[in-house]
Every structure is written in C-alpha cells, then in structure tokens.
Amino acid sequence: MSKTIIPVTLLLFLVYTAVLVRSQSIVPARYDGFVYGKHSATMDTVLIEAFFDPVCPDSRDAWPPLKKAVDHYGSDLVSLIVHPFPLPYHDNAFVTSRALHVVNELNTSATYHLMEAFFVHQERFYNAQTLKMSRETVLDQVIGFASNALGNSMQSAIKSGFADSKTGTKTRVSFKYGCSRGVYGTPFFFVNGFLLPVSDDAIDYDGWRKIIDPLTKKQQRYPLSLKQHTRQDDSENEDFPDKTTKLRNFCYKTDLFVWNGRAT
C-alpha cells in the first residue's frame with residue numbers, strides 16, 4: 001500500500017497560507033489608535049497619524065515638538081491619532097503597547113499620560129535592563145509602573161485588563177495595521193493619509209509648523225459651506241467661475257454644502 005508524501009515546500013506553503021488568511025481575518029470594531037485631546041478626530045481638519053513605540057528613544061524625542069504643534073493649532077484645525085507600533089527588536093515594546101490599550105479601555109483621558117510616562121522612564125524597560133527578568137516579572141513591573149503613573153487605585157483594573165485577551169488582540173491589530181500602511185520603524189508620520197519622508201532626524205516644532213501652516217491656510221481658503229462662497233464675487237473666486245453661478249445659487253437656496261466644489 002503506497003503512501004502519499006507531501007513535499008516539504010508544499011506543506012510549508014499550506015501552513016503559510018493558513019496563517020496568512022487567519023491573520024487577515026482580524027477586522028477591528030473601530031479604527032486603530034488613540035485620539036489626542038477631548039474631541040474626535042475629523043476629516044475636516046488636518047489629520048496627523050503617528051506610529052510610536054513606547055520604548056523607542058526616537059519616538060520619545062519626536063513626541064514633544066509634535067504635541068506642541070498640535071496644541072498650537074487646536075482641535076478645530078488639527079487632529080492627531082497615535083498608533084502604538086511595538087518593534088520586534090525591543091523586548092518590552094509589546095507589553096508596554098498593550099498597557100496603553102489596557103488603560104485606554106479604562107480611561108481614554110489617561111492614555112497619553114501613560115505614554116508620556118513611558119517616554120520619560122523608558123530606560124527601565126530597555127532590553128539590557130530586563131534581560132535577566134522573566135516575562136511575568138516584566139509584566140508585574142509594567143503593571144506597577146502604570147499604576148504608579150495613573151494612581152494605585154487602578155492597579156487591580158490594569159491587572160485585569162492584561163488578563164483580558166481582547167487587549168492582546170488590539171495590540172496585535174495595531175502592529176498589523178502599521179504593517180499594512182508600510183510602517184517598518186518608529187516614529188512614522190502620515191499627514192492627511194500621506195507618508196512624510198522618513199528621516200533619522202526628529203521633526204522639530206518649526207518643522208511641524210512648516211508642514212501644517214500651508215494646510216490650515218488651504219482650509220481657510222476652501223471653507224466647508226457654499227454659503228460663504230456665495231458672498232464673494234465670481235470674478236474673485238477661482239474655484240467657482242461665472243458659469244456656475246446658477247448652480248451655486250440653487251445649492252445656497254437648498255442649503256446644500258460642498259467641499260472644494262463637490263456636493264456632499
């Protein structure tokens with residue numbers, strides 16, 4: 001009786017395909033990342049997306065100037081979403097990124113406070129400092145650190161959050177989402193969906209101003225409401241020439257709004 005022998009290469013391909021299909025089946029219930037500030041991120045603003053690793057020195061250095069710039073413009077002009085992206089060569093990147101997800105589930109206003117605490121004291125979780133520690137010991141240290149940063153009353157809830165598999169799934173989704181956007185290191189930045197050039201030098205405050213200023217001026221030039229355009233003479237408005245006057249008046253009367261001349 002003959003036996004069917006599956007070539008090793010074919011077997012590996014089947015295993016790889018099964019893993020790939022399974023990994024792509026995770027669709028999150030909501031968009032990945034942590035929104036900065038009290039307002040939801042909106043497409044009506046300049047949208048900045050930052051990919052940070054809590055124990056990455058470059059992420060740490062990139063955060064203060066970005067935060068200062070976003071605060072300068074305010075939530076009416078600029079929105080910010082930070083995506084945790086645990087780099088595989090940082091031993092404790094995943095557990096610290098997961099801590100952000102745990103805390104975000106408990107109190108969204110505390111997420112950025114914990115991220116900044118990790119940045120300030122990230123040396124405690126570098127590879128060399130935890131080389132001889134077990135995974136359980138490192139986890140206990142991260143839970144204790146987060147509790148001290150946010151208040152010891154949260155320690156039990158944070159510990160329970162790590163026991164919940166959902167926070168682990170969300171952390172994996174964050175990593176996979178970054179990979180899907182072509183992220184391979186930290187920090188990475190996208191502005192209105194477009195990747196900023198990757199550089200070894202951190203973007204300083206003036207650098208962010210140079211990036212954001214022209215975009216906010218375009219927002220002011222192209223207001224959302226067509227009513228604002230109808231107050232201007234056609235000869236002064238290059239986006240709405242004379243031949244569109246009738247359409248503009250119709251949209252004005254029907255209270256129809258547009259964005260850059262397209263009805264929404």
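Only this structure's heavy atoms are used, side chains among them; waters, hydrogens and symmetry mates stay out. Position 1 is the first residue of the sequence, and the numbers go up from there.
Residues L131 and V138 do not share a hydrophobic cluster, clusters being chains of Ile/Leu/Val/Met/Phe/Trp/Tyr side chains in contact below 4.5 Å. Hydrophobic cluster membership differs between M133 and F94, with clusters built from Ile, Leu, Val, Met, Phe, Trp and Tyr side chains linked at under 4.5 angstrom.
Annotation for A99 and L114: closest pair O-CD2, 3.8 Å, computed over non-hydrogen atoms. Nearest heavy atom pair, residue A117 against residue A149, reads CB-CB, 4.0 Å. When all heavy atoms of G33 and I81 are compared, the pair lying nearest together is CA-CG2, 3.7 Å. Closest heavy-atom contact between T96 and A93: OG1-O, 3.1 Å. Here the shortest heavy-atom pairing between V102 and F162 reads CG2-N, 4.0 Å. Counting all heavy atoms, side chain and backbone alike, V82 lies closest to P84 at O-CD, 3.8 Å.
With 3.5 Å as the limit, one finds a donor-acceptor pair spanning the side chains of Y126 and Q122. Using modelled atom types and a 3.5 Å distance limit, the side chains of H90 and N127 yield no donor-acceptor pair. A donor and an acceptor atom, one from each side chain of Y177 and R172, are nowhere located under 3.5 Å apart. For S134 and T137, the side-chain atoms include at least one donor-acceptor pair closer than 3.5 Å. Side chains of D91 and T130: a donor-acceptor N/O pair is absent below 3.5 angstrom, by distance only.
A heavy-atom distance below 4.5 Å is found between the side chains of Y73 and D213. Within the 4.5 Å cutoff, no side-chain heavy atoms of V46 are placed close to those of L77. Within the 4.5 Å cutoff, side-chain heavy atoms of L100 are placed close to those of P54. In this structure, F175 and S97 have side chains that are not in contact, with every pair of non-hydrogen atoms separated by 4.5 Å or more.
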Show me the side-chain donor-acceptor pairs of residues 182-191 shorter than 3.5 Å, one per line, residues at least two apart or across chains.
{"residue": "T186", "atom": "OG1", "partner": "S59", "partner atom": "OG", "Å": "3.3"}

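Under the 6.0 Å cut-off for aromatic ring centres, F118 and W63 do not qualify, their centroids lying 6.0 Å or more apart.
Between the side chain of N192 and the backbone N or O of L47, at least one donor-acceptor pair lies under 3.5 Å. Not one N or O on the side chain of D164 forms a donor-acceptor pair closer than 3.5 Å with the backbone of T167.
Rounding to the nearest 0.5 Å places CG of N92 at 10.5 Å from CG of L139. Note that the NZ atom of K67 and the CE atom of M115 stand 8.0 Å from one another [nearest 0.5 Å]. The line from CD1 of I212 to CG of L66 is 7.0 Å long, rounded to the nearest 0.5 Å. Atom CG of L80 sits about 10.0 Å away from atom OG1 of T45, to the nearest 0.5 Å. Distance check: N104 CG to R98 CZ gives 14.5 Å after rounding to the nearest 0.5 Å. The structure places CG of D32 at 10.0 Å from NZ of K170, a figure rounded to the nearest 0.5 Å.
Residues satisfying the side chain to side chain donor-acceptor pair (under 3.5 Å) test with D71, not counting sequence neighbours, are Y36. Listed by chain and number, the residues in a ring pair (Phe, Tyr, Trp, His ring centres under 6.0 Å) with H101 are F34 (sequence neighbours excluded).
Under 4.0 Å is where a charged nitrogen must lie from a carboxylate oxygen, and between K166 and E105 no such pair does. Under a 4.0 Å N-O distance rule, the pair E123/R60 qualifies as a salt bridge.
In this pair, F51 and H83 present their aromatic rings parallel. The plane angle is below 30°, not in the 30 to 60° band.
The local environment of CZ in F194 is sparse, with at most 12 non-hydrogen atoms from other residues, nucleotides or ligands closer than 6.0 Å.
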Side chain to side chain donor-acceptor pair (under 3.5 Å) evaluation trace for S147 with N152: CA-CA 5 Å; S147 302; N152 291 326; 5.4 Å; no
side-chain contact (heavy atoms from CB on, under 4.5 Å) evaluation trace for L196 with I203: CA-CA 10 Å; L196 293 185; I203 304 175; 3.9 Å; yes
